Structures are given as C-alpha cells and as structure tokens.
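Worksheet: the structure to be examined is printed underneath.
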Amino acid sequence: MKTDELDQLVVHTETKDITLSQLREMVDANDIIVNPEYQRNYVYDDKRASLLVESILIGIPIPIIYLCEEDDGIYSVIDGQQRIMSFTRYLKNDFSLCGLTTLSALNGLFFRDLDKPMQRRLRAKSLKAICLDRDSQELKYEIFSRLNLGAVKLKDQEVRNCIFRGSFNSMLRRIADTDENVKALFHYTDNSRMEFEERILRFFAMRDFYHISGTFKNTMNQFMTKHQNDSDDEIYEMENQYRSVMDTIKQVLGCEAFFFHGERASKFNGAVYDSIVIPFSLFPKRSLLQHADKIRDGIFNMKENDAEYRENVYVGTNAGRRVRSRITKVINIITGCIDPCEIDMPRTFDESIRQELFHRNPVCAICGNKILTIEDCEIDHIIPFSKGGPTSIENAQLTHRTCNRIKSDKVETLLDVSFESDEGNY
C-alpha cells in the first residue's frame, strides 16, 4: 500500500468536552442529528435513562460519544445516541427519575423539581466527544460498525472503584498491586478487571459470615459504604491483617491453597477461598504455623474425601447454608489441631458487641425466635472458647439467656438465611 493510499484511510478527529447544557441546546437547534440512517431508534426506557443520570451525578465515567462533522457544519451521531437522548430528555422534563438505588431520594423528581444547586451541577456535567472532521465522513459507517462490535460492561468491582473512592478502596488497590502472596495464591497474571480487589473485599465483607444475608453484591457494597473513608489507623490494621492471613495461608497450605483437586480442573475456586481465608483469620498466626502439618493434612483430606464440602464448593455456592457449612468445616479442622491453652485472649465479649448484634437483628441464633429486649439476650461464642474460638464479633452470636445456657460445647449452625444469587462471584 502506498503512503497516499494510507493517508486516505487515516481518521482525523478533534476531542471536545460538551456540557449537558450545551448538548441540549445543540439538539434543540438541530446542530446534532441524533438519528442518522445508520442509528437505531431511541430504545432506553425511563429507568435505564434514570440510571444514566444517576451515574453522571455520582461521578461514574460515561463512555465517549462519537460525532461526525457534516458538510453544513452540523454533527451526526456515530456512537452515543442513547446517552445523548437520555440526558436531553431529562433536562427537558420529559420524564421523572425512577429505579435509582444510590440516589434514591431523587426518585420521582423531574429536572424542574431538583434544587437549584443540583440543576446547575447536572447542567455543568460534560461528556467527552470525539468529532470526526469532514475529511473523514466516508469512514463514519466503518467506525460505527467497529464501535458496536461488542460493548464491554463494567464489572461490579470496577463500578465500586468509581463510586466508593476513599481510603478503603485505595487499600484494596494497594494490596492487589503490591502483595506477592496475593498474586501467587490467586494465580492470575492479569488483574485489569479488578478481580483481586473484589476477592480482597470479599474477605472483609464476609468475615461476619454468620450474620449477613442478601446478595453477595449488596453485602460488599454495604461494607464499602460503611468503610469508604476509614481512618489511617483502621486501614493500617485491616491491611496488616489481610497481608498476614495470606502469608500464613501460603506458608501452611502452599500456592494451591484455593484450588480444588480431584476429578475437576485444578484452578482458583472462590468458594474454597471463602472456606479457608475466613477461618485462618480467626486464629493466631503463631498457632497456625506451629500446627501447619496437621492443619494441611486435615484440609487436604477434607477436599479429597468430604462429599458435603465438595458439594458446597461447586453447587449452589451462594446459599447461606452452604457458605456457613464450608467455612465451619475448616474452622472445625483448625480447632481440632490447636490446643486452646496456646491462645491467650479474653473470654468475655464487650458490651458494644451485644448492642450491635441486638440492633442488627434481635433473633436467637439457637431457637430462631425473636428476642424482645436486650436484657433477655447473651452473646455466645460460635466456635466455643474452649476450642480456641476468638472473642470477636465475627465469632459472636446473639442468643436467649436460657438457650445459651443449655447449648452444648460445639459449633452451632445458625438459621439457614440464604444469600440471593449473584452472577460472576466465582
């Protein structure tokens, strides 16, 4: 191919930032043709358009729009028609917001109903536009077809990275980028879609696994909301804890700790990860390393021979019963290997833990009935203290006083509150 032939195929563009206010004016003046012949009709319903408005208000990046300059100086839309029409329709009060979850207080409001600062903020938001000049008009169909070969949807953790910016999110990224044990145990060479950060978050959100319900996605979102701007001291403690747990797991179980061996393919398994990383965080590192051989043999034998565990890490893995069962099995293996006398920690729960659990959900973990007053409840170790169970909120369950005093010295399974299904957890 000759140079002059290649030059004819080169796309000449200009990048512009167009505010939503300017965008509306250009559409109203027909300076932007939103429905050229190669574009489909406007198909977004009001809920989807509302979510787009919510996204730009909370700072989620909106994909670039592509425009082409026509002979008469106006622009046709190559890519971004649905976005452009959604924003202009809302600014023109064609629909009220609906289906919002993050900014739920705005549901039911037209643009005219927003307070003046919010209106100004929305009008000032901008879309990045790449504009083809007139010399590239003949290439607009080619560009349109290439842009629409397939859209890449943001994954849940990529969305969280946009919404929950703060000290906790920075910690997740720092661990994912720098911890060599994480890289070795996760067996990924590419973390471009933030799989590492989601797994690290999953550990923190699920440590209190006996008391959570709902979808994994909502559980992790709620955790990030609560800890988004934690103090430096709190972040330091959490980061050190996770790094220490992963170091311990690698030393005790090796780089294939989160694999499931046997007739199935050996690869990272999210359910196996849950079942190991949470129990390892509940016991002192010194004790886990001191009994490494016994713990390793016990977990390997469970993976090979425990039919219930095998089922719980492959079938219906999001069900609350299966989550609790697979984690509890590993806890029981560790408690069977460690002498409780080795563990020096307080036996009595702090009153603040009782207050938090009662206000969270005042239901007895043993009988399943509602506890009417905080005076009628006690805090019980899920893993018995005599078997090495820590005195922490993650190992605490709310019970009636009477139920607690007749409970035997064993690990109790709480009510079977299932997680709702989420796609792509593993």
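Computed from a predicted model, the values in this text were never measured in an experiment. These numbers come from the heavy atoms of this one structure, side chains and all, not from hydrogens, waters or symmetry mates.
Nearest heavy-atom pair across Leu20 and Leu122 is CD1-O, 3.4 Å. Shortest non-hydrogen contact noted between Met220 and Ala205 is CG-CB, 3.8 Å. Minimum heavy-atom separation, Arg83 to Ile64: NH1-O, 3.0 Å. Here the closest non-hydrogen pair linking Lys183 and Ala176 is CE-O, 3.9 Å.
For the pair Gln22 and Thr19, the minimum side-chain heavy-atom distance is below 4.5 Å. Contact annotation: the side chain of Arg89 approaches that of Asp46 to within less than 4.5 Å [non-hydrogen atoms, C-beta and beyond]. The side-chain heavy atoms of Val363 and Asn369, taken from C-beta on, include no pair separated by under 4.5 Å. In this structure the side chain of Ser287 reaches within 4.5 angstrom of the side chain of Ile338, judged on heavy atoms. Side chains of Asp94 and Phe111 form no contact here, defined as non-hydrogen atoms less than 4.5 Å apart. Taking 4.5 Å as the limit, some side-chain heavy atom of Lys285 sits within range of a side-chain heavy atom of Asp247. Taking 4.5 Å as the limit, some side-chain heavy atom of Leu127 sits within range of a side-chain heavy atom of Ile56. A 4.5 Å side-chain heavy-atom check between Lys128 and Ile65 finds every atom pair outside the cut-off.
The backbone N or O of Glu195 sits less than 3.5 Å from a side-chain atom of Asn191, completing a donor-acceptor pair. The backbone N or O of His187 sits nowhere less than 3.5 Å from a side-chain atom of Lys267 that would complete a donor-acceptor pair. With hydrogens and angles disregarded, no donor-acceptor distance shorter than 3.5 Å links the side chain of Ser21 to the backbone of Arg123. Between the side chain of Asn107 and the main chain of Leu100, a donor-acceptor pair closer than 3.5 Å is present. Formation of a donor-acceptor pair under 3.5 Å by the Glu234 side chain with backbone atoms of Ser231 is found in this model. Counting only distance, with no hydrogens or angles, the side chain of Arg24 and the backbone of Leu91 share a donor-acceptor pair below 3.5 Å. Between the side chain of Arg326 and the main chain of Ala271, a donor-acceptor pair closer than 3.5 Å is present.
Note: Phe186 and Phe258 have tilted aromatic rings, judged against thresholds of 30 and 60 degrees for the angle between ring planes. Between Phe204 and Phe168, the ring-plane angle classifies as perpendicular under the 30° and 60° cut-offs.
Remark: Arg202 is positioned above the aromatic ring of Phe216, its terminal NZ or CZ atom under 6.0 angstrom from the ring centre and at most 45 degrees off the axis. At least one cation-pi condition fails for Arg310 and Phe260: the charged atom is not both under 6.0 angstrom from the six-membered ring centre and inside a 45 degree cone around its axis.
Between the side chains of Ser244 and Gln241, no donor-acceptor pair of N or O atoms lies under 3.5 Å. Side chains of Asn312 and Ser325: a donor-acceptor N/O pair is present below 3.5 angstrom, by distance only. Using modelled atom types, one finds a donor on one side chain and an acceptor on the other under 3.5 Å when comparing Glu351 with Gln355. Using modelled atom types, one finds a donor on one side chain and an acceptor on the other under 3.5 Å when comparing Asn240 with Tyr236. Judged by distance alone, the side chains of Arg207 and Ser281 do bring a donor and an acceptor atom under 3.5 Å apart. Side-chain N/O atoms of Tyr309 and Ser275 include a donor and acceptor closer than 3.5 Å. Using a 3.5 Å distance cut-off with no hydrogens or angles, the side chains of Glu197 and Asn169 do not pair a donor with an acceptor. Using a 3.5 Å distance cut-off with no hydrogens or angles, the side chains of Gln119 and Asp115 do not pair a donor with an acceptor.
Atom CZ of residue Arg296 and atom CG of residue Leu253 lie 7.0 Å apart, to the nearest 0.5 angstrom. With values rounded to the nearest 0.5 angstrom, Leu398 atom CG is found 11.0 Å from His359 atom NE2. Here CG of Asn161 is found 12.5 Å from CG of Asp156. Values are rounded to the nearest 0.5 Å.
Looking at Arg354 and Glu378, no side-chain N of the basic residue comes within less than 4.0 Å of a carboxylate O on the acidic one, giving no salt bridge. In this structure, Glu239 pairs ionically with Arg243, as a charged nitrogen and a carboxylate oxygen lie closer than 4.0 Å. Lys329 has a carboxylate O that lies under 4.0 Å from a charged side-chain N of Glu308, or vice versa, which qualifies the two as a salt bridge. Between Glu356 and Arg360 there is a salt bridge, since a side-chain N of the basic residue sits under 4.0 Å from a carboxylate O of the acidic one. Between Asp179 and Arg174 there is no salt bridge, since no side-chain N of the basic residue sits under 4.0 Å from a carboxylate O of the acidic one. Electrostatic pairing of Lys294 and Asp297 does not count as a salt bridge here, judged by no charged N lying under 4.0 Å from a carboxylate O.
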(request) Step by step, work out the side-chain contact (heavy atoms from CB on, under 4.5 Å) result for Glu54 and Leu57. (result) CA-CA 5 Å; Glu54 181 183 56; Leu57 281 172; 5.7 Å; no
(request) Quick one: do Phe268 and Leu185 satisfy side-chain contact (heavy atoms from CB on, under 4.5 Å)? Show the steps, please. (result) CA-CA 8 Å; Phe268 179 93; Leu185 287 162; over 6 Å; no
(request) In sequence, state the C-alpha distance, the side-chain angles, and the governing distance for Arg48 and Asp45, and then conclude on salt bridge (Lys or Arg N to Asp or Glu O under 4.0 Å). (result) CA-CA 6 Å; Arg48 191 167 181 183; Asp45 59 22; over 6 Å; no
(message) side-chain contact (heavy atoms from CB on, under 4.5 Å) for Phe223 and Thr225? Distances and angles first, verdict last.
(response) CA-CA 5 Å; Phe223 192 90; Thr225 300; over 6 Å; no
(request) Using the side-chain contact (heavy atoms from CB on, under 4.5 Å) rule, take Cys377 and Arg401 through it: C-alpha gap first, then chi angles, then the decisive distance, then the call. (result) CA-CA 5 Å; Cys377 71; Arg401 287 176 309 193; over 6 Å; no
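Between Phe203 and the choices Tyr242, Tyr273, Phe280, the ring pair (Phe, Tyr, Trp, His ring centres under 6.0 Å) rule is met once, by Tyr242.
Ring centers of Phe95 and Phe110: at least 6.0 Å apart, outside the cut-off. Aromatic ring centres of His381 and Phe349 lie closer together than 6.0 Å.
The 12-atom threshold is exceeded at NZ of Lys125, counting heavy atoms of other residues, nucleotides or ligands nearer than 6.0 Å.
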